[in-house]
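Every chain is numbered from 1, with letters handed out A, B, ... down the list of sequences. Worth saying up front: this structure is predicted, and the values here are computed from it rather than measured.
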Number of protein chains: 2
Amino acid sequence: MGVKLTDVAKRAGVSATTVSRVINHYGYLSQKTIDKVHKAMEELNYQPNSMARSLQGKDTQLIGLIFPTVSHPFFGELASKMETKLFEKGYKTILCDSANNKEKERDYLKMLAANKVDGIIAGAHNLGIPEYENVGLPIISFDRHLAEGIPIVSSDSYQGGRLATEQLYQRGGRKIAILTGTNESDSPTNKRLEGYLSVLKEHQLEPMVYHFPLEHSPFLKATEIRQILSKEDIDSIFCTDDLTAILVLNKAQELGIDIPGDLKVIGYDGTEFIQNYFPQLSTILQPIDQFVDLLIDLLMKRINNADVELDSLYQLPVRFMQGQTS
Amino acid sequence: MGVKLTDVAKRAGVSATTVSRVINHYGYLSQKTIDKVHKAMEELNYQPNSMARSLQGKDTQLIGLIFPTVSHPFFGELASKMETKLFEKGYKTILCDSANNKEKERDYLKMLAANKVDGIIAGAHNLGIPEYENVGLPIISFDRHLAEGIPIVSSDSYQGGRLATEQLYQRGGRKIAILTGTNESDSPTNKRLEGYLSVLKEHQLEPMVYHFPLEHSPFLKATEIRQILSKEDIDSIFCTDDLTAILVLNKAQELGIDIPGDLKVIGYDGTEFIQNYFPQLSTILQPIDQFVDLLIDLLMKRINNADVELDSLYQLPVRFMQGQTS
DNA sequence: CTGAAAGCGCTAACAC
DNA sequence: GTGTTAGCGCTTTCAG
């Protein structure tokens, strides 16, 4: 293998301990020794072996990130920002795309434990993974209940759902449909649905709910959307994610439906990507930067003190962003 | 810490060696012993410590992925697919967003070396990082020259540039502009530019080249595009990435420019994301799946045998995908 | 077929 | 201020 601590020690004419002390800024060292060691390290281009170091029980400075997939703009952005901030704090990120696959998520959890990561941030969307109950590792969850004692960072999906629906109502919408994911209780999209339902109820309107299973390809979804748009009598659509909203916009255009004249559309997520490349879309903005800050803050707290009391739910506010589709 | 090998040994009433053998399917064991050990491992919910294991010089099963940022759909898709395939092969992925930052990329390189990753796949876009010269680790590069002896996997950007430009010409384009990145020699977008220039030359047309520095925000880019569209006399635009093409489409719509009537647009990349959510965009398809397969194949070869002879450049073909913008 | 013992590269009492 | 020594959790000769 490469250059090791003892090589440096030999070259600097000191003991391994001394080198270790220099590296870890620990104990009393004479400036002369420090310089000697530094010189030797540079000459040999020495890199400490993190494996050996974490064997002593030192932190690995490794954080596991479990998300459905970074190929989705929302999670891509979240992952990218998490990675950046973690790196600034001296952590490396192990990326785990759970791909909405329970088995894979379980495997990852095991793997992360074996790799002795210092902590995990999990934002995947699989339910019922008992392993989370006793990983014995600091974990913070994004937007989903994992297990007792694991804090959840999320935004106020119920209010988000209400906000979007209210907007559509205020702009004259009376036949307001919702396009959303599968009907799992406890998923964030389901809370958005509840918000929608509550507003419709207040205005005594008939809900029109369309569920799209996660497994459905965008192409299939698009086809179904086309069906809905051409057959049903709808004047407004609330999509519980922006990508679905884009599909609606595309299909509406194909069908010659005027937006927002004949149909108003509001999405959900409001990533920077959407704001940059789809500024016309009205949407509910999730506070991604704040998610990142909070998730990392909480994780650091847990890492530094496994017993800190944390709230079980942190709910950040969302905002409506007016585009031209509503 | 957690349960360790000796705990399992004690519980199974055997030596540590035996447990190690069972785990590594190594040497002669009686079925009885194997069963005993497995039983003990399960009862204790034992996870081998990968740190300790890789200390003996065993592989870490860790691969470093260096890309500009997974928040970009192209790299998000690439990273996600790489991660998936690597996981299937038993590798974990350390994600490194270089963020177009040379310093960060260097730091990452050091960090990956310290973490004894088995190999690296680097597709970042920073030039002149001498550290690549002697990482002493298997590396495969995506779409960029890193150092002597590091194989490059890329697609045929020159042909891609030609293909796009030819298409525009065949559809009647005579005032064909190109929107591209900064003018770094050796970058893939620059090869696309060369392809464009060669076609224009063949047809004796005047090139119209617009460079956008990487640092420019999409918003700034959009403003500049609006300028160009309203002031210049252009009938076709080749954008060397799809996102820029989307910006053009947006601004053209704002300005009431008919597409493809008044202006034809062709993008570049053709991610699944674009194909799903922007099917109307004509674009040049990069073979992402083949990139992934080839990158990983080559890396595995280097990992298994540091001295295998590999070509210095693997160039995959691109395809034109007809949408409605050209 | 199984175990004892040495050692991977590094750190941390404990001495001097 | 600095070195000696033991040991982190695991693998691997070498014996038996």
Side-chain angles (χ1 to χ4, degrees), chain A residues 1-41 44-62 110-118 136-137, chain B residues 1-41 44-62 110-111 113-118 136:
Chain A
M1 277 253 145
V3 186
K4 49 198 182 194
L5 190 136
T6 50
D7 298 332
V8 178
K10 214 167 287 170
R11 173 130 193 162
V14 297
S15 75
T17 316
T18 302
V19 178
S20 173
R21 284 203 181 103
V22 173
I23 293 171
N24 297 293
H25 312 286
Y26 174 77
Y28 294 88
L29 285 318
S30 73
Q31 191 56 48
K32 211 176 123 198
T33 313
I34 295 178
D35 293 343
K36 260 195 314 198
V37 171
H38 275 138
K39 187 153 161 283
M41 292 202 297
L44 296 170
N45 190 18
Y46 168 70
Q47 288 291 4
N49 181 331
S50 349
M51 303 294 151
R53 145 182 304 209
S54 33
L55 236 203
Q56 333 293 321
K58 288 254 169 205
D59 286 349
T60 55
Q61 303 293 110
L62 242 27
K110 277 192 202 162
M111 181 276 274
L112 292 174
N115 274 73
K116 301 279 176 271
V117 296
D118 292 347
L137 232 43
Chain B
M1 278 252 144
V3 186
K4 49 197 181 194
L5 189 136
T6 49
D7 297 332
V8 177
K10 212 169 288 170
R11 174 130 193 161
V14 298
S15 75
T17 314
T18 303
V19 178
S20 174
R21 284 201 180 103
V22 173
I23 293 172
N24 298 293
H25 312 285
Y26 176 76
Y28 296 88
L29 286 316
S30 74
Q31 191 56 47
K32 210 176 123 201
T33 313
I34 294 178
D35 293 343
K36 259 196 311 197
V37 172
H38 275 139
K39 187 152 161 284
M41 292 202 297
L44 296 171
N45 190 18
Y46 168 71
Q47 289 292 1
N49 180 332
S50 349
M51 303 294 151
R53 149 179 301 206
S54 32
L55 235 203
Q56 335 292 323
K58 290 251 170 206
D59 287 349
T60 54
Q61 303 292 110
L62 242 27
K110 277 191 203 163
M111 180 277 274
N115 274 74
K116 300 278 176 275
V117 296
D118 293 346

Are the side chain of [X] and the backbone of [Y] linked by a donor-acceptor contact shorter than 3.5 Å?
X       : Y       : result
D118(A) : D59(A)  : no
N115(A) : V117(A) : no
N24(B)  : Y26(B)  : no
T60(B)  : S54(B)  : no

Is the phosphate of [N] approached by [X] (side-chain N or O, under 4.0 Å from OP1 or OP2)?
X      : N       : result
N24(A) : dT11(C) : yes
T33(A) : dT2(D)  : yes
K58(A) : dA12(C) : yes
R53(B) : dC10(D) : no
Y46(B) : dC10(D) : yes
K32(B) : dC1(C)  : no

Got a list of side-chain donor-acceptor pairs under 3.5 Å for residues 7-14 of chain A, not counting sequence neighbours?
residue : atom : partner : partner atom : Å
D7(A)   : OD2  : K4(A)   : N            : 2.9
R11(A)  : NE   : E43(A)  : OE1          : 2.7
R11(A)  : NH2  : E43(A)  : OE1          : 2.9

I want to verify a distance call: between [options], whose nearest atom is closest to the [X] side chain?
X      : options                  : answer
S30(B) : dG1(D), dC10(C), dC1(C)  : dC1(C)
L5(A)  : dC1(C), dC10(C), dG9(C)  : dC10(C)
Q56(B) : dG9(D), dA12(C), dC10(C) : dG9(D)

Side chains of N49(A) and K116(B): does their closest heavy-atom pair fall under 4.5 Å?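 Side chain of N49(A) against side chain of K116(B), heavy atoms only: contact under 4.5 Å found.
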- Query: Would you say the side chain of Y46(A) lies within less than 4.5 Å of the side chain of V37(A), judging by non-hydrogen atoms?
  - Reply: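 No, their side chains stay 4.5 Å or more apart.
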Let me know the distance between [atom1] of [X] and [atom2] of [N], rounded to the nearest Å.
X      : N       : atom1 : atom2 : result
D7(B)  : dC8(D)  : CG    : P     : 11 Å
H25(A) : dA12(C) : NE2   : C1'   : 17 Å
L44(B) : dG9(D)  : CG    : P     : 14 Å
Y26(B) : dC14(D) : OH    : P     : 11 Å
L29(A) : dG3(D)  : CG    : C1'   : 12 Å
L55(A) : dA12(C) : CG    : C1'   : 14 Å
I23(A) : dA12(C) : CD1   : P     : 12 Å
M51(B) : dT11(D) : CE    : C1'   : 17 Å

If we ignore angles and hydrogens, is there a donor and acceptor under 3.5 Å between the side chains of S15(A) and T18(A)? yes
Is it true that the side chains of S30(A) and T33(A) contain a donor and an acceptor less than 3.5 Å apart?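 There is such a pair between these side chains.
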What pair of heavy atoms forms the shortest contact from A114(B) to S50(A), and how long is it?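 Smallest heavy-atom distance, with atoms named: O-OG, 2.8 Å.
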Checklist entry - Contact class for S54(A) (heavy atom, under 4.0 Å): base, sugar-phosphate, or nothing? => result nothing
- For DNA chain D, find the residues of residues 13-22 of chain B with a heavy-atom distance under 4.0 Å and give them by number; none if there aren't any.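 Going residue by residue through residues 13-22 of chain B, the ones with a heavy atom under 4.0 Å of DNA chain D turn out to be T17(B), S20(B), R21(B).
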Exercise. End-to-end bend of the helix from dC1(C)-dG16(D) to dC16(C)-dG1(D) (five-pair axes, 10° rounding)?
Worked result: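 What I find for the helix from dC1(C)-dG16(D) to dC16(C)-dG1(D) is an axis angle of 40°.
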